Amino acid sequence: MVVALLGIFLPVVSRARRAAHSAQCLSNLQQLARAYQLYLGDNDRTGLIYTHDLHLHDGRGFWVSQLRQLYGNFDAVRFCPEAQEPSNGWGGAARAWGPMDWTDDLAGSYGFNGWNHRIRDAHGGDLAFSGGPPDAYVKFTSDGAPDVPLFGDAVWPDSWPRSADPAPPNLVDGDQKNQGTPPKENMMARFCIARHDKSVNLVYLDGHAANVALADLWHQRWSNRFKPKDVVLPSR
C-alpha cells in the first residue's frame, strides 16, 4: 500500500517542482529583459555592443558584464533553477555555461539572441559570428518588437539562430560538436535543449516571457531574415 502511494505521490511532487522551477525561470528572464530596457534607455535605444576584440580580452563586449552594471539584482537571476551547476565551459540541458575568462569568470543559464546586437562596423565580432547580413539585425521599435526573442534557456552565452540551422542530434548538449567554426555553427541548437521537459523559456523584446516547445523555436522571429520552417526533433 505504501509503495503504491509513493508511486502516485512522487511523480506529482516532481511535476510540481518542475512547474515551480519553470515559473522562477520565466521571472528571471523578465528581469533580464528589464535590465536590457535600462541599457536601451541609457544608449539611445540601440542594442548591446559586441566586438571580437573586447570579447576576447576582458569581457566588456559580453552582455552579462554590460547589464550587471545597471541592474543591482542581476547576479540573482543569471541561473535557471534547472541548470545551476556551472560546467566550466559549454553548458547543457541541466548545466550552466561557464565560468570562462572571456565572461569575466562568470557563469549563467541563459543566452542572448545576438541579432539584437548593435552593428558597429564591418569587422565587428557580431558579424563575424552571425555571418550577417547587417539588415538581418533587429532594431528596437516603439512597440518593443513583441515577437523577437531577447534571452532564453541556452547552453552558451549568445547565439544567432538562422533558418538553415538543422535540428540537433540530441536535446542535451546543444549540438556541441558542430560549434566553434563561425559563422557555420548550429546556432539554434544552443537554445534547443530539453531544460523544461521538451521546451525552453524565452523572453521577448517587449518584456513578456513564454514557455516555448522546442519545435516552435523554428517559428520565432529571431532576426529580420529568419524564415519559419518545420523540423523533426530527436526523442531526447
Side-chain angles (χ1 to χ4, degrees), residues 24-80 91 96-121 123-130 132 134-154 156-161 187 190-191 200-210 220-224 226:
Q24 181 60 57
C25 174
L26 288 166
S27 176
N28 289 350
L29 287 166
Q30 287 179 308
Q31 292 185 69
L32 290 180
R34 292 190 191 103
Y36 187 76
Q37 296 290 341
L38 291 174
Y39 180 92
L40 290 175
D42 287 346
N43 290 274
D44 298 323
R45 315 306 286 174
T46 57
L48 288 167
I49 296 170
Y50 184 115
T51 66
H52 193 57
D53 289 340
L54 293 176
H55 174 281
L56 288 178
H57 293 157
D58 61 11
R60 288 181 295 147
F62 171 51
W63 62 265
V64 167
S65 301
Q66 296 178 66
L67 295 186
R68 75 195 299 242
Q69 300 174 32
L70 300 171
Y71 194 62
N73 195 44
F74 192 80
D75 286 339
V77 299
R78 284 189 286 117
F79 293 92
C80 170
W97 49 259
M100 297 164 283
D101 56 358
W102 62 268
T103 64
D104 280 351
D105 294 322
L106 298 174
S109 305
Y110 303 119
F112 180 73
N113 174 17
W115 296 110
N116 291 297
H117 275 302
R118 183 191 318 179
I119 293 290
R120 289 175 61 85
D121 55 53
H123 304 288
D126 41 15
L127 288 172
F129 283 91
S130 72
D135 65 3
Y137 282 77
V138 177
K139 293 183 179 179
F140 187 82
T141 58
S142 59
D143 66 354
D147 56 346
V148 177
L150 182 60
F151 293 101
D153 288 302
W156 196 245
D158 45 34
S159 178
W160 290 260
M187 291 287 189
R190 299 180 182 188
F191 289 107
V200 290
N201 291 328
L202 300 178
V203 68
Y204 297 80
L205 265 176
D206 70 343
H208 86 276
Q220 306 295 309
R221 183 191 162 201
W222 294 97
S223 75
N224 290 331
F226 195 90

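All values derive from a computational prediction rather than experimental measurement.
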Taking the side chain as every heavy atom from C-beta outward, state whether Tyr71 and Gln31 have any atom pair closer than 4.5 Å. yes
Shortest non-hydrogen contact from Gln30 toward Ala209: CG-CB, 3.7 Å
So Asn113 and Gln220, do their side chains get closer than 4.5 Å, heavy atoms only? no
Could you pull out all residues at least two apart from Gln69 that satisfy side chain to side chain contact (heavy atoms under 4.5 Å, CB included)? none
Set of residues satisfying salt bridge (Lys or Arg N to Asp or Glu O under 4.0 Å) with respect to Arg34, sequence neighbours excluded: none
List the residues meeting side chain to side chain contact (heavy atoms under 4.5 Å, CB included) with Ala136, not counting sequence neighbours, and say none if there are none. Trp115, Pro133, Ser223, Arg225
Results of side chain to side chain donor-acceptor pair (under 3.5 Å) for Arg45 - residues two or more places apart only: none
Taking the six-membered ring for Trp, are Tyr36 and Tyr39 parallel (under 30°), tilted (30 to 60°) or perpendicular (over 60°)? parallel
All side chain to side chain contact (heavy atoms under 4.5 Å, CB included) counterparts of Pro134, not counting sequence neighbours: Leu127
Please name the residue in the list Val138, Leu205, Leu29 that meets the side-chain contact (heavy atoms from CB on, under 4.5 Å) test with Leu150. Leu205
Sorted by chain and residue number, the side chain to side chain donor-acceptor pair (under 3.5 Å) partners of Arg221 (sequence neighbours excluded) come out as Asp147, Asn224
Asp44 meets the side chain to side chain donor-acceptor pair (under 3.5 Å) criterion, sequence neighbours left out, with none
State which residue, out of Asp158, Leu67, Asn116, fulfils the side-chain contact (heavy atoms from CB on, under 4.5 Å) condition with Leu48. Leu67
With sequence neighbours left out, the residues meeting ring pair (Phe, Tyr, Trp, His ring centres under 6.0 Å) with Phe191 are Trp222
Pairing residues for Ala96 by the side chain to side chain contact (heavy atoms under 4.5 Å, CB included) criterion, not counting sequence neighbours: Phe79, Ser109
Does Ala107 offer a backbone N or O that forms a donor-acceptor pair with the side chain of Arg78 under 3.5 Å? yes
What residues, two or more places apart in sequence or in another chain, satisfy side chain to side chain donor-acceptor pair (under 3.5 Å) together with Asn201? Ser22, His196, Asn211
Under the ring pair (Phe, Tyr, Trp, His ring centres under 6.0 Å) test, which residues partner Phe151, sequence neighbours left out? Trp63, Phe112
Heavy atoms only: give me the nearest Asn28-Tyr110 pair and the separation to one decimal. ND2-OH, 3.3 Å
Working to the nearest 0.5 angstrom, can you tell me the gap between Tyr137 OH and Trp160 CH2? 6.0 Å
Rounded to the nearest 0.5 Å, what's the gap from NE2 on His117 to OG1 on Thr46? Could you check? 12.5 Å
